Protein chains: 2
Amino acid sequence: MTPSSDLNDYAERFKLLGHPVRLQILDALRRTPECVCHLEALLGKPQPYISQQLRVLREAGVVADSKDGLNVYYHLIDPQVAALLNAALGPVLPGERSHRQALPNCVCPKCAAPARQMITLQA
Amino acid sequence: MTPSSDLNDYAERFKLLGHPVRLQILDALRRTPECVCHLEALLGKPQPYISQQLRVLREAGVVADSKDGLNVYYHLIDPQVAALLNAALGPVLPGERSHRQALPNCVCPKCAAPARQMITLQA
DNA sequence: TGTGCATATTTAGCAAAACGCATATGATCC
DNA sequence: GGATCATATGCGTTTTGCTAAATATGCACA
């Protein structure tokens, strides 16, 4: 009923997106769930710092985590944030290359399941 | 070509919206242009403070001003910000009551063209 | 079972920036 | 001169951005 108190909530949500690191995380997550170690390699930031931003997003109800062995996977759960990302960055193209090659086991340089590595080099 | 440098620009734009006062200003401006004195009455903040936020928005290329006699009217010029506002707050309904009653001469309590005032009291 | 290694979270801390606001001054138009 | 608006300055408080250290937690393997 008081429209200005709602606006505060919206401003809070925009503030979540108004942060390069968080925006980059969310842009990655709207493509596919990602484990923390991959986000670390992707953003080039120290891991505790990424955990901090993930926590901000988690406590705001924007993302959720699910553990799988050693790894923790995060995924986007807020449809409105997804809509905002689409409105701002454009929708994710179906054929668009995801940041990772294969999902189930993290493939970023650190986690390095050696499977595809030499393919990348020669092809 | 470098998608992450673009993300910085997008984050900047989100940051503009992630501010209660600016968001309230933009929400008003997407309905209709407003003069500063009306925004002052609408937000209940001192005039220099509002001018300050308007300047932020102006220098970011989100709004533009046009002078008309004593008054300065601001309007929204960034279509992408308008799209984000629509995505977040919902589109402006056609019949929705604008904050002001009549545009050409500001009608907020301060500028008070006395025209409609007693109507408000009795009806 | 115990030890070690790797992933991830949490806590603490700090410098820098942003915020909220007041006040004073200036410009412009009537 | 009077009103609207912009700009500038200052100040106390809060938030941000980031680093570093400490603390779980799960897996592997002897």
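For the numbers below, each heavy atom of this structure counts, side chains included, while hydrogens, waters and symmetry mates do not. Being a predicted model, the structure only gives us computed values, none of them experimental.
As a whole-Å value, the separation of B:L39 CG from D:dC5 C1' is 12 Å. Atom pair A:Q53:CD and C:dT9:C1' shows a separation of 14 Å (rounding to whole Å applied). For the pair B:Y73 OH and D:dT4 P, the computed distance is 12 Å after rounding to whole Å. Note: CD (B:Q24) to P (C:dG20) measures 12 Å, nearest angstrom. B:E40 has its CD atom 13 Å from the C1' atom of D:dA6, to the nearest Å. Taking atom CD of A:Q47 as the reference point, atom P of C:dT10 lies 11 Å away to the nearest angstrom. Following rounding to the nearest Å, A:I25 (CD1) and D:dG17 (P) show an atom-to-atom distance of 12 Å. Between the CG atom of A:D68 and the C1' atom of C:dA6 there is a distance of 15 Å, rounded to whole Å.
Side chain of A:S51, nearest nucleotide from C:dT7, C:dT9, D:dA6: C:dT9. Counting only heavy atoms from C-beta on, A:L70 has its side chain closest to D:dC27 among C:dC19, C:dA22, D:dC27. Side-chain atoms of A:H19 lie closest to D:dG17 of the nucleotides D:dA8, C:dT7, D:dG17.
A:H75 has its side chain out of reach of A:V63: every pair of non-hydrogen atoms, C-beta onward, lies at least 4.5 Å apart. Under the 4.5 Å side-chain criterion, counting only non-hydrogen atoms from C-beta, B:L7 is in contact with A:L89. Contact of the A:Q80 side chain with the A:R13 side chain is registered, since non-hydrogen atoms from C-beta on lie closer than 4.5 Å.
In this structure, B:R58 reaches the sugar-phosphate backbone alone: every heavy-atom distance under 4.0 Å involves primed, P, OP1 or OP2 atoms, never a base. Across all strands, B:P48 comes closer than 4.0 Å to base atoms (heavy-atom distances). As judged by a 4.0 angstrom heavy-atom cut-off over every strand, B:K45 is placed among residues touching the sugar-phosphate backbone only.
Neither OP1 nor OP2 of D:dT4 sits under 4.0 Å from any side-chain N or O of B:Y74. OP1 or OP2 of D:dA8 lies within a sub-4.0 Å distance of a side-chain N or O belonging to B:R55.
Judged by distance alone with a 3.5 Å cut-off, no donor-acceptor contact links the side chain of B:Q52 to the base of D:dA6.
Of the residues near DNA chain D, A:Y49 and B:L54, the one whose nearest nucleotide (by heavy atom distance) lies more toward the 5' end is B:L54. Residue B:I50 is the one, among A:K15 and B:I50, whose nearest nucleotide of DNA chain D lies closer to the 5' end (criterion: closest heavy atom).
Pairing each heavy atom of B:L17 with each of B:L23, the nearest pair is O-CB, 3.7 Å.
Distance OH/B:Y74 to CG/B:L29: 10.0 Å, rounded to 0.5 Å.
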